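Some notes on the structure that comes next.
Remember, predicted model here, so these are calculated numbers, not experimental data. Each ligand, and each atom within it, is numbered from 1 in the order the structure gives. Only heavy atoms go into these numbers, but all of them, side chains included; no hydrogens, no water, no symmetry mates.
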Amino acid sequence: MKSSISLRFVVIGASVAGLSCAYLLQQSGHEVLVLERSRRAENPDGGLKVPPNMARLLHLFPGTMEMLKEKATLCSGVYFLAGESSKLLGRMIFKEEIMSDLGSDFYIVAYSDFIAHLYNLCISSGVRIKHGFIAKNVVASSDSPPVVVSESGVQITADFVVGADGRKSITRQAIPSEEQESDDDLLEFHIPNGNKRATPKTELTPLLAANVTIPISLMKDDPQLAPLTRDDRFVVWTGNGSSVGTICCGGKFVLTYNTRPPGPNDRDLEWDDAAPASTFLERLKDYHPLVRKVARLAKSSHWTIQVPKDRSRFTNPQNNVVVIGDAAHTLPINATHSCSGAMEDAVTFGYLFSHLRSRNQVPLFLNGYNHIRGDRTKMSEELEFAGISLVSIPPGPQRDARDSALGMTLHLEGADDETLARVWGDYVRAFNYDAVDAVDEWYMNWAKPLHSAAHSAY
Ligand SMILES: Cc1cc2nc3c(=O)[nH]c(=O)nc-3n(C[C@H](O)[C@H](O)[C@H](O)COP(=O)(O)OP(=O)(O)OC[C@H]3O[C@@H](n4cnc5c(N)ncnc54)[C@H](O)[C@@H]3O)c2cc1C
């Protein structure tokens with residue numbers, strides 16, 4: 001769909017959220033300039049999870065499914081192992097019946113392959129991308145268009161600024177924080193034994209995350225490590241106050257590490273700044289020798305601290321700035337939905353603005369954006385933080401209870417749909433979300449009737 005008017009958008013940040021949003025806005029007839037602080041990275045480390053709620057949006061980005069089929073790993077399931085012993089505790093197998101019901105698969109793709117594809121799509125559709133532009137602040141007022149100012153004093157004016165500048169977003173400063181809405185103290189969530197119970201609300205406390213990437217060429221001649229290079233699973237090694245994830249994609253083996261809260265000496269680095277690999281290895285003392293053996297092959301590690309933010313609104317009062325992706329929320333890196341949340345934001349915003357009929361509709365559309373993304377983001381954050389807590393319980397009765405609950409998932413062979421839904425309900429619900437449907441529903445219920453009413457009044 002093409003917008004009836006063309007606005008000038010500046011997008012800050014050329015990663016998952018920024019490039020996806022830029023492409024969709026340009027395709028719907030707007031004019032887009034992307035500002036990116038880094039010089040184009042040749043081959044950045046890392047691997048991204050593409051769960052079904054993200055995979056089903058990729059038809060909007062030509063050639064992406066083909067690229068995934070060629071370069072990504074089709075994930076066969078999530079497996080939970082005891083970090084110390086490697087004992088299998090539980091698993092969620094992505095059975096064909098479940099995935100075909102969802103209409104999409106779960107992929108794991110190298111960060112570099114995914115970004116390169118989005119980047120090329122943007123360039124071929126006419127998006128302009130300016131590298132080496134370090135945005136310092138965004139000046140927004142109601143009587144003039146917003147201006148992005150760089151560290152060197154360059155000013156760029158636009159009709160609208162999209163902040164896709166990650167977890168240390170400078171764009172976020174243009175959006176005054178609001179009082180968090182008060183929530184109930186108790187939250188209901190599933191644990192994998194299928195019983196729903198009231199549990200103290202998962203605290204969204206700061207999180208320390210890290211990863212190392214190893215070329216599989218360094219592993220394939222070692223008889224112990226070679227099987228890992230063919231692994232199509234997302235493996236979660238449950239630890240004492242932390243967890244390690246392992247995935248294999250695009251000729252790389254990626255180990256991730258998550259713990260919270262960070263310690264006083266933990267440093268908050270940029271994700272693309274390399275730290276010594278030894279700092280990663282130090283964290284793995286309690287983990288199985290196989291995990292440590294792979295980690296020893298890494299040349300460097302990447303660290304970040306994520307601090308949960310006020311997520312009640314994503315747009316500014318002047319209605320000319322929005323934040324999306326990690327700039328807007330705290331979906332834990334290395335978990336299941338960090339990338340899919342960014343893509344959902346980008347698609348929601350881009351697809352919404354393809355429906356624009358006049359400038360007067362912008363405040364209404366932004367209201368719609370806040371509404372659509374607010375509820376969904378909150379649900380995804382709570383699910384992901386609860387998941388991280390679950391896989392890092394220290395030894396003791398709580399961990400034993402978790403392990404026996406996870407153990408029930410080992411006996412689901414031949415289970416009917418109802419049982420599977422009871423056991424994995426929250427996860428499947430998160431996979432089942434469709435960002436395009438959410439926009440269509442909002443548009444039909446709100447924007448279309450209001451537009452028709454405004455026109456019939458004349
Ligand atoms: C190099 C790299 C590797 C990653 N690897 C992994 C991984 O292995 N696993 C994982 O779960 N997640 C990884 N991530 C994070 C993952 O991409 C995000 O959590 C998620 O996909 C949300 O993406 P995003 O676009 O909102 O934010 P990000 O991916 O963080 O992108 C933000 C972008 O904005 C740019 N930027 C930031 N500040 C400014 C500024 N002031 N001016 C201009 N540009 C700015 C950054 O350079 C970056 O390109 C990685 C991110 C990067 C940048």
Side-chain angles (χ1 to χ4, degrees), residues 10-22 33-51 54 108-116 118-119 129-138 148-152 154 156 161-174 207 209-214 234 245-250 252-258 269-274 300-304 306 309 314 322-346 349 377 380 384 388:
V10 162
V11 176
I12 309 176
S15 184
V16 175
L19 292 174
S20 319
C21 191
L33 169 65
V34 177
L35 305 173
E36 167 57 43
R37 86 178 154 200
S38 63
R39 303 170 82 223
R40 191 174 178 185
E42 283 305 309
N43 195 13
D45 284 343
L48 300 174
K49 280 134 212 145
V50 181
M54 175 167 166
I108 301 170
V109 64
Y111 179 87
S112 50
D113 287 338
F114 195 68
I115 292 298
L118 286 178
Y119 194 97
I129 304 182
K130 193 174 169 59
H131 282 274
F133 188 103
I134 308 176
K136 191 171 148 215
N137 63 330
V138 176
V148 183
V149 185
S150 79
E151 277 197 351
S152 58
V154 176
I156 296 184
V161 174
V162 178
D165 45 347
R167 77 203 151 76
K168 285 190 181 171
S169 168
I170 58 94
T171 317
R172 182 89 209 168
Q173 292 157 17
L207 175 86
N211 76 12
V212 294
T213 303
I214 295 117
F234 169 22
T246 52
I247 50 173
C248 187
C249 54
K252 298 168 181 180
F253 193 81
V254 183
L255 280 115
T256 60
Y257 172 87
N258 281 12
L269 298 176
E270 292 297 343
W271 196 243
D272 40 3
D273 282 344
S300 60
S301 60
H302 300 267
W303 295 84
T304 188
Q306 291 181 280
K309 320 175 179 66
F314 310 114
V322 67
V323 280
I324 62 173
D326 281 1
H329 45 65
T330 317
L331 286 166
I333 282 175
N334 297 334
T336 305
H337 289 288
S338 55
C339 187
S340 79
M343 177 64 87
E344 284 180 4
D345 285 353
F349 191 82
T377 302
S380 306
E384 292 279 75
I388 287 187

On a heavy-atom basis, I'd like to know which of G18, A164, G245 is closest to atom 33 (C) of ligand 1. A164
Using heavy-atom distances only, which candidate in Y111, F133, W271 approaches atom 4 (C) of ligand 1 most closely? W271
Among all protein non-hydrogen atoms, which one is nearest to [atom], and what is the separation to 0.1 Å?
| atom | answer |
| --- | --- |
| atom 28 (P) of ligand 1 | S15 OG, 3.6 Å |
| atom 16 (C) of ligand 1 | L48 CD2, 4.2 Å |
| atom 42 (N) of ligand 1 | A135 N, 3.0 Å |
| atom 20 (C) of ligand 1 | S338 O, 3.6 Å |
| atom 48 (C) of ligand 1 | E36 OE1, 3.6 Å |

I'd like to know if V254 contacts ligand 1, where contact means a heavy-atom distance under 4.0 Å to any ligand atom. no
Among the heavy atoms of D45, does any lie under 4.0 Å from an atom of ligand 1? yes
Measure the shortest side-chain to side-chain distance between E270 and R37 over non-hydrogen atoms and say whether it is less than 4.5 angstrom. yes
Proximity to ligand 1 by part of [X], non-hydrogen separation under 4.0 Å:
| X | answer |
| --- | --- |
| S169 | neither |
| D326 | both |
| I12 | side chain |
| A17 | both |

Of all pairs that satisfy salt bridge (charged side-chain N to carboxylate O under 4.0 Å, His left out), the ones with a partner from residues 327-345, not counting sequence neighbours: E344-R373, E344-R376, D345-R373
Subset of ligand 1 atoms that lie under 4.0 Å from at least one heavy atom of G325: 26 (O)
Can you tell me how the ring of H302 sits relative to the ring of W271, calling it parallel under 30°, perpendicular over 60° and tilted otherwise? tilted
Please determine if S38 has a nitrogen or oxygen closer than 3.5 Å to a nitrogen or oxygen of ligand 1. no
